[in-house]
Amino acid sequence: MVSSICSRVEYKIPGMKTQGLIRRSICGASLVALFAGMLVVFAQKAAAPGAGQQPGFEAVSIHMVDPKAEHDLRRGIGMFSESSFPTNLFTMKNAPLSYVIQSAYKVDLQDYIAAMPGWMESQEYDISAKVEGDRQLTMEQMRPLLQRLLEERFHLVCHRETRMISGFELVVAKGGPKLEPSNDASKPFAHMRPDRMEARHMDTQRMTGLLAHRAGQPVVDKTGLTGTYDFKLSYRPVSDSSSDLPDFFTALQEQLGLKLESRKVPVEFLVIDHIDKIPTEN
């Protein structure tokens with residue numbers, strides 16, 4: 001019988017301040033209770049969140065919304081909006097899921113998401129997600145939480161793969177670069193309009209993302225430039241053939257001393273293996 005078995009044991013519970021080992025004579029039933037208590041201690045230590053542990057979302061609300069008509073959008077009804085960072089409350093309103101995925105997985109262009117169902121660009125969602133505790137997260141810190149949200153609520157399964165596709169290499173044009181070095185340590189900033197783009201404190205690696213949006217194809221940095229720069233670029237809008245401004249490619253070479261050369265370039269794609277249109281309930 002367990003109750004008749006007595007043992008002399010020496011034990012030390014991790015995390016407890018003791019002077020040497022605790023020595024006791026205990027019988028079987030007490031021995032079982034002791035080790036059960038030790039297991040509880042271990043479980044509590046394992047479950048206790050560490051100081052560097054990534055927080056999660058403590059509350060999430062997702063609603064499917066219908067895209068608004070053009071006349072409503074002109075009145076500001078149904079316009080896309082997103083929370084600024086850092087934040088404790090992530091929000092996206094009137095967002096297609098393709099854009100949510102693009103933000104969560106840091107995909108430069110929506111074109112780099114492969115095997116998307118057609119509805120991913122048309123169906124829109126309102127998303128509100130509160131971060132646990134009071135931590136204010138940057139976009140980079142928020143990405144793992146958004147990925148988990150997509151996996152849990154939309155059952156997203158995806159993988160990355162590199163493909164060679166038509167694009168451009170950004171090189172220094174004859175005569176050298178005409179970029180103005182940044183004089184401060186401000187955060188990178190960029191602003192784009194149909195006829196111009198303006199950027200501050202931006203390296204050429206980040207610049208390729210801006211240029212790709214306007215060029216319509218991926219851009220790979222081959223300039224060899226390592227600084228950060230301020231620049232303004234003015235060019236003819238695609239929809240305005242009567243403009244006196246030079247076309248985008250000519251403007252890039254004349255105003256910034258850079259050139260886009262057509263090449264096959266490696267691009268990382270995010271491939272959708274599975275995703276649900278209707279999220280699980282809030």
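Residues: numbered from 1 along the sequence shown. Please read these numbers as outputs of a predicted model, since none were measured by experiment.
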**Student:** Can you measure from CH2 (W119) to CD1 (I275) and round to the nearest 0.5 angstrom?
**Tutor:**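 The distance works out to 4.5 Å.
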**Student:** Pair Q110, M116 - check side-chain contact (heavy atoms from CB on, under 4.5 Å), show working.
**Tutor:** CA-CA 10 Å; Q110 186 174 297; M116 284 196 306; 4.3 Å; yes
**Student:** What ring-ring contact (aromatic ring centres under 6.0 Å, His included) pairs are there with at least one residue in residues 176-235, not counting sequence neighbours?
**Tutor:**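 Every ring-ring contact (aromatic ring centres under 6.0 Å, His included) pair that includes a residue of residues 176-235, provided the two are not neighbours, is Y235-F248.
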**Student:** Will you find, in the side chains of R196 and S234, an N or O donor that is under 3.5 Å from an N or O acceptor?
**Tutor:** no
**Student:** Do the side chains of R193 and E198 get close enough for a salt bridge, i.e. N-O under 4.0 angstrom?
**Tutor:**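 Here R193 does not pair with E198 in a salt bridge, since their nearest N and O are not under 4.0 Å apart.
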**Student:** To the nearest 0.5 Å, what is the distance between CD on E151 and CG on L149?
**Tutor:** 9.5 Å
**Student:** With a 4.5 Å limit on heavy-atom distance, are the side chains of L258 and L179 in contact?
**Tutor:**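 The answer is yes; the side chains approach within 4.5 Å.
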**Student:** For the CD atom of Q102 and the CG atom of L97, what is their distance to the nearest 0.5 Å?
**Tutor:**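 Rounded to the nearest 0.5 Å, the CD-CG separation comes out at 11.5 Å.
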**Student:** In the structure I gave you, are the side-chain heavy atoms of S166 and K264 within less than 4.5 Å of one another anywhere?
**Tutor:**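 A side-chain contact exists here, since the closest heavy-atom pair is under 4.5 Å.
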**Student:** Could you state the interatomic distance from CG (L137) to CD (E132), rounded to the nearest 0.5 Å?
**Tutor:** 10.5 Å
**Student:** Are more than 12 heavy atoms from other residues, nucleotides or ligands located less than 6.0 Å from atom CE of M192?
**Tutor:**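 Atom CE in M192 is packed in, count exceeds 12.
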**Student:** Report yes or no: do T208 and D221 form a side-chain donor-acceptor pair below 3.5 Å?
**Tutor:**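 Short answer, no.
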**Student:** So how far is it from I62 CD1 to I127 CD1, rounded to the nearest 0.5 Å?
**Tutor:** 5.0 Å
**Student:** For the residue pair I101 and I272, establish whether any side-chain heavy-atom pair is separated by less than 4.5 Å.
**Tutor:** yes
**Student:** Applying the 4.5 Å side-chain criterion to the ILVMFWY set and letting contacts propagate, would V219 and V265 be lumped into a single cluster?
**Tutor:** no
**Student:** Any side-chain heavy-atom pair from L252 and L170 closer than 4.5 angstrom?
**Tutor:**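 When only atoms from C-beta onward are counted, L170 and L252 do touch, with a gap below 4.5 Å.
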**Student:** Please check: side-chain N/O of N88 versus main-chain N/O of R135, any donor-acceptor pairing under 3.5 Å?
**Tutor:**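 Here the side-chain-to-backbone pair exists.
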**Student:** Do L225 and V171 belong to the same hydrophobic cluster, where Ile, Leu, Val, Met, Phe, Trp and Tyr are linked whenever their side-chain heavy atoms lie under 4.5 Å apart, directly or via other members?
**Tutor:**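 In one cluster with L225: V171, no.
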**Student:** What is the ring orientation for F57 with F90, classed by angle as parallel under 30°, tilted 30 to 60°, or perpendicular over 60°?
**Tutor:** tilted
**Student:** Kindly indicate whether the side chain of N282, heavy atoms from C-beta on, has any atom under 4.5 Å from the side chain of R153.
**Tutor:** yes
**Student:** Taking a hydrophobic cluster as the set of Ile, Leu, Val, Met, Phe, Trp and Tyr residues connected by side-chain heavy atoms closer than 4.5 Å, whether directly or through intermediates, do M164 and F168 fall within one such cluster?
**Tutor:**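 No, it is not one cluster - the side chains of M164 and F168 are not joined through contacts under 4.5 Å.
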**Student:** Using a 4.5 Å cut-off on heavy atoms from C-beta on, say whether the side chain of M64 contacts that of I278.
**Tutor:** yes
**Student:** Atom CG in D247, atom CZ in R236: separation rounded to 0.5 Å?
**Tutor:**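 If I round to the nearest 0.5 Å, the distance is 5.5 Å.
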**Student:** Taking the side chain as everything from C-beta on, heavy atoms only, tell me whether Y105 gets closer than 4.5 Å to I113.
**Tutor:**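 No, side chains not in contact.
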**Student:** Verify the cluster assignment for V65 and Y99: are they in a single hydrophobic cluster under the rule of side-chain heavy atoms below 4.5 Å apart?
**Tutor:**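 Each belongs to a different hydrophobic cluster.
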